[in-house]
Amino acid sequence: MNDCNRPLETAPAKESRETAHRPQFRTKEDANGAALQIALPGVRKEDVKLTLHETCLRIEADRHDEVQENWKTHRDTGSVRRYGLDIRLTPRLDGTKATASFESGVLELRVPIREESKPRQITVN
């Protein structure tokens, strides 16, 4: 898996364009496919967006920091933090069969190997 070369799209922030922060991630390949773990601290499941375009898997997420009404803040770091990551899948991986789960701020993706890329026995006649 390689990073896609396309820049990340970001939506306008309050008055200027806000950049997407690249989250920490880990990848691992085994005989069944690839696994990715992406750290998205403070993000809710419904604020995660996954898009597959050909061999490029795009992960986008927004973290909304909400301050309770009776709290007084000393420093405001912004109400929204955007995360963005593009991953290019190798041709042997089947992104159309990818599965995702999200728990405790960690997005886990599993991308299986294409059937035609798996080793198989050939019988001799």
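Below, each value reflects all heavy atoms present in this structure, side chains not excepted, and no hydrogens, waters or symmetry copies.
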*asked:* The test is side chain to side chain contact (heavy atoms under 4.5 Å, CB included); show your working for Glu29 and Arg92 and say whether it passes.
replied: CA-CA 11 Å; Glu29 283 195 49; Arg92 61 184 281 221; 3.8 Å; yes
*Go through the side-chain N and O atoms of Thr99 and Arg110 and say whether any donor and acceptor fall under 3.5 Å apart.*
no
*asked:* Under a 3.5 Å threshold, yes or no: a donor from one side chain and an acceptor from the other, between Arg82 and His21?
replied: no
Using side-chain heavy atoms (C-beta onward) and a distance below 4.5 Å, is [X] in contact with [Y]?
X     : Y      : value
Val43 : Phe102 : yes
Arg26 : Glu108 : no
Phe25 : Leu85  : yes

*How long is the span from the CG atom in Leu89 to the SG atom in Cys56, to the nearest 0.5 Å?*
8.0 Å
*Measuring from Ile59:CD1 to Arg22:CZ, what's the distance to the nearest 0.5 Å?*
10.0 Å
*Is it possible for you to say whether Leu50 and Tyr83 belong to one hydrophobic cluster, with membership spreading through side-chain heavy-atom contacts below 4.5 Å?*
yes
*asked:* Could you see if Val111 belongs to whatever hydrophobic cluster contains Val48? Use Ile, Leu, Val, Met, Phe, Trp, Tyr and a side-chain cutoff under 4.5 Å.
replied: yes
*Checking Arg114 side chain against Leu93 main chain: does a donor-acceptor pair fall under 3.5 Å?*
yes
Sequence neighbours excluded and cut-off under 3.5 Å, please list the side-chain donor-acceptor pairs for residues 30-42, or say none.
{"residue": "Asp30", "atom": "OD1", "partner": "Asn32", "partner atom": "N", "Å": "2.9"}
{"residue": "Asp30", "atom": "OD1", "partner": "Gly33", "partner atom": "N", "Å": "3.1"}

_salt bridge (charged side-chain N to carboxylate O under 4.0 Å, His left out) involving Arg44 - partner list, sequence neighbours excluded_ = Glu46, Asp47
*Which atoms form the tightest heavy-atom contact between Gly84 and Ala20, and what is the distance?*
N-CB, 3.9 Å
_I'd like to check the side chain to side chain donor-acceptor pair (under 3.5 Å) partners of Thr96; sequence neighbours left out, ordered by chain and number._
Asp94
*Within residues 115-125 or reaching into it, pairs that qualify as salt bridge (Lys or Arg N to Asp or Glu O under 4.0 Å) - sequence neighbours excluded*: Glu115-Lys118
*Just jot down the side-chain contact (heavy atoms from CB on, under 4.5 Å) partners of Thr51, sequence neighbours excluded, or say none.*
Lys49, Arg58
